[in-house]
Number of protein chains: 2
Amino acid sequence: MGTESAGTEQRQPVMADVAKLAGVSHQTVSRVLNGAPHVRPDTRDRVLAAIRELDYRPNSAARALVTRRSQTLGVVSFDSTLYGPASMLDGIEQAARSAGYFVSVTSLRSLDGRSVQEAVDRLRDQGVEGVVVIAPQTSTVSAVARLSSSVPVVAVGSGNQTQVPMVSVGNRFGAGEATGHLLDLGHRTVHHVAGPANWLESQDREEGWRLTLQAAGAPVPEVQRGDWSARSGYQAGLRIIELRDVTAVFCANDHMALGLLRALHEAGRAVPDEISVVGFDDIPEAAYFTPPLTTVRQDFGELGRRALEMLVGELESSAPSPGHVQITPELVLRRSVGPAMRR
Amino acid sequence: MGTESAGTEQRQPVMADVAKLAGVSHQTVSRVLNGAPHVRPDTRDRVLAAIRELDYRPNSAARALVTRRSQTLGVVSFDSTLYGPASMLDGIEQAARSAGYFVSVTSLRSLDGRSVQEAVDRLRDQGVEGVVVIAPQTSTVSAVARLSSSVPVVAVGSGNQTQVPMVSVGNRFGAGEATGHLLDLGHRTVHHVAGPANWLESQDREEGWRLTLQAAGAPVPEVQRGDWSARSGYQAGLRIIELRDVTAVFCANDHMALGLLRALHEAGRAVPDEISVVGFDDIPEAAYFTPPLTTVRQDFGELGRRALEMLVGELESSAPSPGHVQITPELVLRRSVGPAMRR
DNA sequence: TTGCGGCGAGTGAGCGCTCACGGCTTCGCC
DNA sequence: GGCGAAGCCGTGAGCGCTCACTCGCCGCAA
């Protein structure tokens, strides 16, 4: 113990240092730090002063070791470059912070179940207390469902998985609203540019579209499939241009709608005079497309926040699963839709 | 110590359990886990088998406590909903994982220096070994510079701060390229829709634009200032329409360019025939604007990756600071620009 | 006076790991 | 055949904290 001779050490101060300075025991310091009762005000003040003087920071690893709580939540996401996931992450982080948690992120490279298990394991090895998975593909969601994990997991996505707690958007409803709106305007039917087949959002939006057409007795055209990107929307547009009698198109997201608008524009097809276009998401740019895009708004940030609340609820009440929370999207009308042509 | 009687415990297995099962000491288990030399192959195999059988996971908190290394890096970002920050975060996460680190994120609510200090402190309290700050505003960068922190910090941004290690994009260069290209096409001068005044990218792009005009002896018009959003680009567009003799506009990002295009379109001003427009960033959608946008491409993912490499380098070699890394952007030509009108 | 409950502290153990050591075995070499 | 070196493995301490105790003191009722 010859370290005393070295004077003011470089070493970070620990609880014992604070205790010595304040003239109390380390336990009292701990009590002050954790807001425990039965500490006299002046004692507390002395401790706090000592903490400030030494610029003492509790060591989170030591605390985590003994309490078995890391105050950390994990997020696994698929492509956090997309607007949706990025916004959800943002919402999650906000909610986590206000609930007193840190958030640790990791992203998936591939979509197989192993990759999901790997990511969750990685997070778990780090000691996270719970995980929210933003990976709305059939493969990943079913992987989450059969995840062998000791930590609570909530998914954000879609679909009707009931095995895993989840928060999602009413995609079927939103798609139905969009499709119904177009039908109401007199369009004989509505074409659809869908997202990737293995995404749940994609499936649900397609289903909402299809069901609405069927309920209205409208013909159900073949689906054009994209990958969410503007590029794929453009390519779908090229195919749609070839088709006869297309007067209305519902795109599964705004980016693809942008690509579609581009293709239509190049082909000299006026929107909305000849063809009406509706998107999904309401990204901030949608109002500035040419023409401004009618779309279905969903609040990604809220989605993330709700997912986190759900996780924290599960964590702190140790209740098994509050089931499934849904957020209702809303149709936003802009200039990209109009009544069906009379010809 | 009556726990033995309970048989197979619910309790997570610890190193001692593995050691007992493998018939070795806990230290040998530790050696196997950490790849230490001097362990006989068959001993190693026995240990590995025991680990698998018990599904043993090392406790990261315990390890962090003694090694004083958390294997965690922090990221503080400002608005991770924007395409740029989101992509950087993605790049950072990838690079961190392949370097063997976890990533913990937190975002800033406000822009004052206190907020930055707070965020970094928060991360530090969690035990991160280093921090990368994605918050490219004058206020935050100078806050980073005078950060009182014991952990290494690297910033990703712009500007010529030398006090803090940084990786940035050649914004001045990119803006110069864009402006120069327009001048080369015969435009008398180039107008500018700038980003927020307190963002470094904004300042640098504006400076690159201004310098290029001055070098060419072209008049320097008043700057229209936006906030990166398409909405603000639209509003800038409304103002620009009022001006006489505008034939070329350089926007500080693609989103504002989109808004500008919208405003021009509504006013019946043809792009590029009457007015040429150039953006900055090359977001994936830029190629599908109406018309497709000429812009300056920067690789955000690479930016993030480089920032993380820099941080890890600093961490592992304990060298003070490799200074400043710059990434060169590239002009991408599309249909939104054309030669100056002859009239 | 004695007893007793609760407030305000302190003491010691132990969380699960790594690090510094120390001891035993096996080999190479003169 | 003996001796040093290296390979292989075990022992104990301790990282910085919290949790379960214990202890002294004061006030109040018996």
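Chain letters run A, B, ... following the sequence lines, proteins first, then strands; residues in each count from 1. If you're wondering where the values come from, they're calculated on a predicted model, not measured in any experiment.
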Student: Met15(A) has an atom CE; how far is it from atom P of dT11(C), in whole Å?
Tutor: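 Rounded to the whole Å, the gap is 15 Å.
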Student: Using a cutoff of under 3.5 Å, can you pull out all pairs of nitrogen or oxygen atoms linking the protein to nucleotides 3-13 of chain D, with atom names and distances?
Tutor:
unit_1  : atom_1 : unit_2   : atom_2 : d
dC9(D)  : OP1    : Arg40(B) : NE     : 3.4
dC9(D)  : OP1    : Arg40(B) : NH2    : 3.2
dC9(D)  : OP1    : Thr43(B) : OG1    : 2.4
dC9(D)  : OP2    : Arg40(B) : N      : 2.8
dG10(D) : OP1    : Ser25(B) : N      : 3.4
dG10(D) : OP2    : Ser25(B) : N      : 2.7
dG10(D) : OP2    : Ser25(B) : OG     : 2.9
dG10(D) : OP2    : Thr28(B) : OG1    : 2.6
dG10(D) : N7     : Arg31(B) : NH2    : 2.8
dG10(D) : O6     : Arg31(B) : NH1    : 3.4
dG10(D) : O6     : Arg31(B) : NH2    : 3.4
dG12(D) : O6     : His26(B) : NE2    : 3.4

Student: Strictly below 4.0 Å: does Ser30(A) bring a side-chain N or O up to OP1 or OP2 of dT18(D)?
Tutor: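 Result: yes.
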Student: In whole Å, I'd like the distance from the CD atom of Gln12(B) to the P atom of dC15(C).
Tutor: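 After rounding, the gap between these two atoms is 15 Å.
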Student: Lys20(B) has an atom NZ; how far is it from atom P of dC17(C), in whole Å?
Tutor: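 Result: 14 Å.
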Student: In whole angstrom, give the distance that lies between atom CG of Leu65(B) and atom C1' of dT18(C).
Tutor: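 Result: 10 Å.
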Student: Does the distance from a Lys or Arg side-chain N to an Asp or Glu carboxylate O, for Glu93(A) and Arg97(A), drop under 4.0 Å?
Tutor: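 A salt bridge is present here (some side-chain N lies under 4.0 Å from a carboxylate O).
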Student: Can you find a side-chain donor-acceptor pair between Thr72(A) and Gln126(A) that sits under 3.5 Å?
Tutor: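 No.
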Student: Should Arg68(A) be listed as having a side-chain N or O under 4.0 Å from OP1 or OP2 of dG16(C)?
Tutor: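 Checking dG16(C) against Arg68(A), a side-chain N or O does come within under 4.0 Å of OP1 or OP2.
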Student: Does any N or O in the side chain of Ser77(B) come within less than 3.5 Å of the main-chain N or O of Pro85(B), such that one atom is a donor and the other an acceptor?
Tutor: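 Checked: no pair found.
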Student: For Asp125(A) and dC17(C), give me the distance from atom CG to atom P, rounded to whole Å.
Tutor: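 From Asp125(A) CG to dC17(C) P: 12 Å.
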Student: Whole angstrom is fine here: how far is it from CZ in Arg69(B) over to P in dC19(C)?
Tutor: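 Atom-to-atom, Arg69(B) to dC19(C), this comes out as 11 Å.
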Student: For a side chain to side chain contact (heavy atoms under 4.5 Å, CB included) with Val32(A), tell me which candidate from Leu48(A), Val18(A), Asp45(A) qualifies.
Tutor: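 The residue from Leu48(A), Val18(A), Asp45(A) that satisfies side chain to side chain contact (heavy atoms under 4.5 Å, CB included) with Val32(A) turns out to be Leu48(A).
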Student: Distance only, no hydrogens: is a donor on one side chain within 3.5 Å (strictly under) of an acceptor on the other, for Asn198(A) and Thr138(A)?
Tutor: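 No - no donor-acceptor pair under 3.5 Å links their side chains.
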Student: Rounded to whole angstrom units, what separation is found between the CG atom of Leu33(B) and the P atom of dG16(C)?
Tutor: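 Taking atom P of dG16(C) as the reference, CG of Leu33(B) is at 15 Å.
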Student: If you take all heavy atoms of Leu65(A) and Ala61(B), which pair is closest and at what distance?
Tutor: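 That would be N-CB, 3.8 Å.
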Student: Looking at Asn59(B), I'd like to know whether one of its side-chain N or O atoms comes within less than 4.0 Å of OP1 or OP2 on dC15(C).
Tutor: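 No, no such contact exists.
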Student: Charged N to carboxylate O under 4.0 angstrom, Glu302(B) versus Arg306(B)?
Tutor: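 Yes, this pair counts.
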Student: Starting at CZ of Arg57(B) and ending at C1' of dC15(C), how long is that distance when rounded to a whole Å?
Tutor: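 The answer, rounded to whole Å, is 20 Å.
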